[in-house]
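The analysis underlying the following values was restricted to heavy atoms, covering all of them including side chains, and did not include hydrogens, waters or symmetry mates.
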Amino acid sequence: MGIKIYNTLSKKKEDFKPVNEDNITMYVCGPTVYSNPHIGNARSALVGDLWYRILKNKYKKVTYIRNITDVDDKIIDAAKKENRNVNEITEKYYKTYKSNMDSLTLLDPTHEPKVTDFIPRIIEIITKIISSGYTYTSEGNVMFDTVKYTKYGKLSKRIAKEMLDGVRIDVASYKKSPKDFILWKPSHKDQLGWDSPWGYGRPGWHIECTSMIKEIIGHDSTLDIHGGGNDLIFPHHENELAQGNCVSKNEYCNYWFHNGIVLVNKKKMSKSLGNVVLIEDLLKNTSPISIKYALLSSHYRQPLNWTSEVLNNSINIVTKYKNLISEMKNNEKEYIPDNELVSILEDDLNTPAALNYISTLVKNINNNKSNYSKFLFCIDFLGLNIVDDISNVISEIDNKIVEQLIKERNVARLKKNFNKADLIRKKLSSLNVEIKDDGNQTVWKFKPK
RNA sequence: GGCUAAGUGGCAGAGUGGUAAUGCAGCGGCCUGCAAAGCCGUCAACGCCGGUUCGAUUCCGACCUUAGCCUCCA
C-alpha cells in the first residue's frame with residue numbers, strides 16, 4: 001500500500017513515487033487576490049491541504065507551496081473600480097483569503113509566495129526561456145511560441161489542429177499562432193510595472209507560477225505534485241508545463257492533480273450569472289466544519305453542485321458528531337491512529353469513503369470503545385475540528401439568561417404548567433438555544449449550523 | 001465544432017460479471033407531559049439502445065443528457 005494519485009498527464013491513477021523521499025514538493029495554484037474568495041477557491045485549497053496532510057503523514061519533510069497572485073489585469077481593474085491603489089486591493093483580499101482559509105482550518109503552506117516579491121526571478125526565467133529559442137517579441141510583448149514547442153498539448157491532450165481557436169473571442173493581433181501566450185507585457189508609465197530588458201512592464205499570467213516554483217525548489221529540480229482547479233488545465237497549466245520544460249533539462253513536474261469545480265445551480269460560478277457563493281457569506285450562518293464536511297462529501301475530481309441540500313446534509317451529520325463529542329467530553333480524549341482511514345485517503349483522496357468509514361465507526365461505538373478514540377483521530381486527521389468548534393460555541397453563549405429560563409421552565413414543569421414550559425422553550429429557541437430534558441436534568445446547546 | 005469528464009433511490013455517494021454498501025431526508029415504533037436526542041425497524045435507484053456472456057449496473061459500441069475547457073477563472 002502507498003499513496004495513489006490520479007495523474008492528469010497519464011489520465012490514470014498512479015503509485016506516487018517521489019523524486020526525493022527526504023523532501024516532497026507540491027505546488028497548488030492559489031488565488032488572484034482581486035475579490036472575496038468563494039467556495040471554489042476553498043475547494044482547491046482544501047484538496048491541496050488534504051494532500052499535504054497525507055504526504056506529511058508519510059514523509060518527514062513536505063514542501064507545500066500555495067501562491068498568491070498579486071499582479072494581474074483584474075487587480076488593476078478592481079483598484080480602479082474601488083478607487084484605491086493596487087497594494088490596498090491585494091492586501092485587503094489577501095487578508096480575507098487567509099482568514100477564510102483559517103476558518104476552514106487549513107494548514108499553513110510551507111511557502112506562500114507573492115508574485116511581486118519575485119519579479120527579478122521572473123525576469124531571470126524569461127531570459128532563460130528566450131535563450132532556449134522558444135520565444136519571439138511582438139508589439140512589445142515577449143511571446144512563447146507554442147508551435148515551436150512540439151510537445152505543446154501534452155497535459156490537456158489538445159492537438160492544435162483539432163482546436164477551434166478564437167471561438168468566443170478574437171485572436172490577439174500580436175500572436176503568431178492563436179495559442180501563443182505572453183511572458184512579459186508592456187505597462188503604461190502610470191500603470192503597475194517594473195523595468196526589464198524588454199522595457200517597463202509586467203509578467204504574463206503563467207510565468208509567475210513557474211518562476212516561484214523554480215526559485216523555491218531549485219531550478220533543476222522536478223516538482224513532485226502540481227495541482228489546481230480543472231479549469232486551469234488549459235491553458236494555464238499547459239503553458240506552465242511548456243515554459244517550465246524550457247528552463248531545465250529535467251522534467252517540470254511528475255504528477256498533476258486537478259479538482260472538479262464547484263457548481264451553483266449546476267453552473268460554474270461567475271459574476272455575470274450572479275451565482276458566486278462567498279465563503280464569508282456562508283460563514284455567517286454555517287459552521288466552518290459543516291462547510292468543510294460538505295466539500296469533503298464528494299470526491300475531489302467530481303464536480304460538486306453546491307446546494308442547500310448538500311449543506312443541510314452536512315450540518316445534520318456534523319451536529320450528530322457534535323452531540324456525540326459533548327456527551328463524551330468528560331471522558332479522556334484519546335486519539336488512536338487508524339490506518340484504515342489513512343489508507344482510504346491514500347487511495348487518491350477518497351474522502352466520501354473516508355467519511356463513510358467514520359460514520360460506521362460512530363455507529364459501532366457502543367460495541368467497541370476504541371472506536372471513539374479512532375473517531376477522534378479520524379476527524380482530526382481530516383482537519384474537521386469538531387472538538388474545538390464545540391468549545392467555541394459554549395464560550396459564546398450568555399449562560400445566565402439561558403440557565404435562568406431553564407430553571408423557570410423546570411419549575412413550571414414540576415407544577416405541570418406545560419403551557420408555560422412550552423412558551424419558555426419557544427423563547428429559548430428564538431435565542432437559538434435548543435434544550436433537551438434528560439431525566440431530571442435539562443441540557444442545552446446552540447442550534448446546529 | 002473540437003477536446004475533457006460524468007450519468008446509481010428525494011439528496012449525497014461506495015461498489016461489483018451473478019440485480020447494489022452507507023449517510024442524510026422520509027415513514028413507523030420505543031422513549032418523552034409534549035418535544036429533542038438516542039435507539040430499533042422500514043420504503044426507494046444502476047440514462048437509453050444494441051453487442052459479448054449462461055448471466056451486465058459492472059466489459060464493448062452507438063445514442064441521449066449534463067458540466068467544464070477552447071477568453072480570464074480554483
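- Among the heavy atoms of the strands, none lies under 4.0 Å from A/Pro303.
- For B/A74, one of the phosphate oxygens OP1 or OP2 lies less than 4.0 angstrom from a side-chain nitrogen or oxygen of A/Thr32.
- Atom C1' of B/C46 sits at a distance of 4 Å from the matching atom of B/U57, rounded to the whole Å.
- Between the side chains of A/Lys445 and A/Asn323, at least one donor N or O sits under 3.5 Å from an acceptor N or O.
- Listed nucleotides B/C72, B/A74, B/A14 differ in distance to A/Ile261; the shortest reach to its side chain belongs to B/A74.
- Nucleotides B/C60 and B/U66 place their C1' atoms 23 Å apart, quoted to the nearest Å.
- Using a 4.0 Å heavy-atom distance criterion, A/Lys74 is classed as a sugar-phosphate-only contact.
- The separation between A/His236 atom NE2 and B/C69 atom C1' is 15 Å, rounded to whole Å.
- Across all strands shown, B/U52 remains unpaired; no Watson-Crick or G-U wobble contact has both distances below 3.5 Å.
- For A/Val262, taking side-chain heavy atoms from C-beta onward, the closest of the listed nucleotides B/G23, B/G13, B/A74 is B/A74.
- Taking a pair to require two hydrogen-bonding distances under 3.5 Å in either a Watson-Crick or a G-U wobble arrangement, B/G41 pairs with B/C27.
- Not a single donor-acceptor contact under 3.5 angstrom links the side-chain atoms of A/Asn323 to the base of B/G38.
- As the counterpart of B/U16, no nucleotide is assigned, since no Watson-Crick or G-U wobble pattern has both distances under 3.5 Å.
- A salt bridge links A/Lys13 with A/Asp347; the closest basic N to acidic carboxylate O contact falls under 4.0 Å.
- Take the nearest nucleotide of RNA chain B for A/Asp347 and for A/Ala421: the residue whose nucleotide is more 5' is A/Asp347.
- Comparing atom distances between the A/Asn41 side chain and each of B/A37, B/G68, B/A74 picks out B/A74 as nearest.
- Side-chain N/O atoms of A/Ser429 and A/Lys447 include a donor and acceptor closer than 3.5 Å.
- The separation of B/G41 from B/A5, taken at their C1' atoms, amounts to 40 Å, rounded to a whole angstrom.
- No hydrogens or angles considered: a donor-acceptor pair under 3.5 Å links the side chains of A/Ser173 and A/Glu139.
- A tilted orientation is assigned to the rings of A/Trp51 and A/Phe257, their planes being inclined by 30° to 60°.
- When the C1' atom is compared between B/G26 and B/C11, the two are found 12 Å apart, to the nearest whole Å.
- In this structure, A/Phe381 and A/Phe377 have tilted ring planes: the angle between them lies in the 30° to 60° band.
- Summarising the geometry, the separation between CG on A/Leu273 and P on B/A67 is reported as 11 Å, rounded to the nearest angstrom.
- Among the nucleotides B/A14, B/A36, B/G23, the one closest to the side chain of A/Ser359 is B/G23.
- The residue A/Asp437 sits close to a base: some heavy atom pair falls under 4.0 Å.
- Side-chain nitrogen and oxygen atoms of A/Lys363 include at least one within less than 4.0 Å of the OP1 or OP2 phosphate oxygen of B/G23.
- Remark: A/Lys267 is in phosphate contact with B/A67, judged by side-chain N or O atoms under 4.0 Å from OP1 or OP2.
- Counting non-hydrogen atoms under 4.0 angstrom, A/His299 reaches the backbone sugars and phosphates but no base.
- Candidate nucleotides B/A21, B/U4, B/G33 were compared by shortest atom distance to the side chain of A/Phe418, and B/G33 ranks first.
- Look at A/Lys426 and you won't find any side-chain N or O under 4.0 angstrom from OP1 or OP2 of B/A35.
- Of the C1' atoms belonging to B/C69 and B/A62, the separation is 25 Å, rounded to the nearest Å.
- Taking the six-membered ring for Trp and thresholds of 30 and 60 degrees, A/His226 and A/Tyr252 have ring planes inclined between 30 and 60 degrees apart.
- A/Gly30 comes within contact range of the sugar-phosphate backbone alone, with a heavy-atom separation under 4.0 Å but no base atom that close.
- In this structure, B/U65 and B/A6 make a Watson-Crick or G-U wobble pair, each of the two defining distances being under 3.5 angstrom.
- Using P as the reference atom, B/A12 and B/G51 are 33 Å apart when rounded to the nearest Å.
- Ring geometry for A/Phe16 versus A/Tyr255: interplanar angle of 30 to 60°, hence tilted.
- Using atom P as the reference point in both B/A56 and B/C39, the two lie 41 Å apart (nearest Å).
- The side chain of A/Met269 lies closest to B/A74, out of B/A74, B/U22, B/G10.
- Within 4.0 Å of A/Asn316, counting heavy atoms only, lie sugar-phosphate atoms of the nucleic acid but no base atom.
- Nucleotides B/G50 and B/A45 are separated by 23 Å at their C1' atoms, to the nearest Å.
- Using a 4.0 Å heavy-atom cutoff across all strands shown, A/Ile435 reaches at least one base atom of the nucleic acid.
- Checking B/A6, B/A74, B/G23 against every side-chain atom of A/Ile317, the shortest atom distance belongs to B/G23.
- Checking B/A36, B/C24, B/G33 against every side-chain atom of A/Asn313, the shortest atom distance belongs to B/C24.
- Position along RNA chain B of the nearest nucleotide to A/Tyr293 versus A/His206 favours A/Tyr293 as the more 5'-ward residue.
- Within the nucleic acid shown, A/Arg409 comes within 4.0 Å of at least one base atom, counting heavy atoms only.
- When heavy atoms are screened at a 4.0 angstrom cut-off, A/Val47 is found touching no nucleic acid atom at all.
- In this structure, B/U57 forms no base pair with any nucleotide, since neither Watson-Crick nor G-U wobble geometry is met with both distances under 3.5 Å.
- Using a 4.0 Å heavy-atom cutoff across all strands shown, A/Arg301 reaches no nucleic acid atom at all.
- Residue A/Gly40 is in base contact, counting any heavy-atom pair closer than 4.0 Å across all strands shown.
- Remark: the A/Arg43 side chain and the A/Ser298 side chain contain an N/O donor-acceptor pair separated by less than 3.5 Å.
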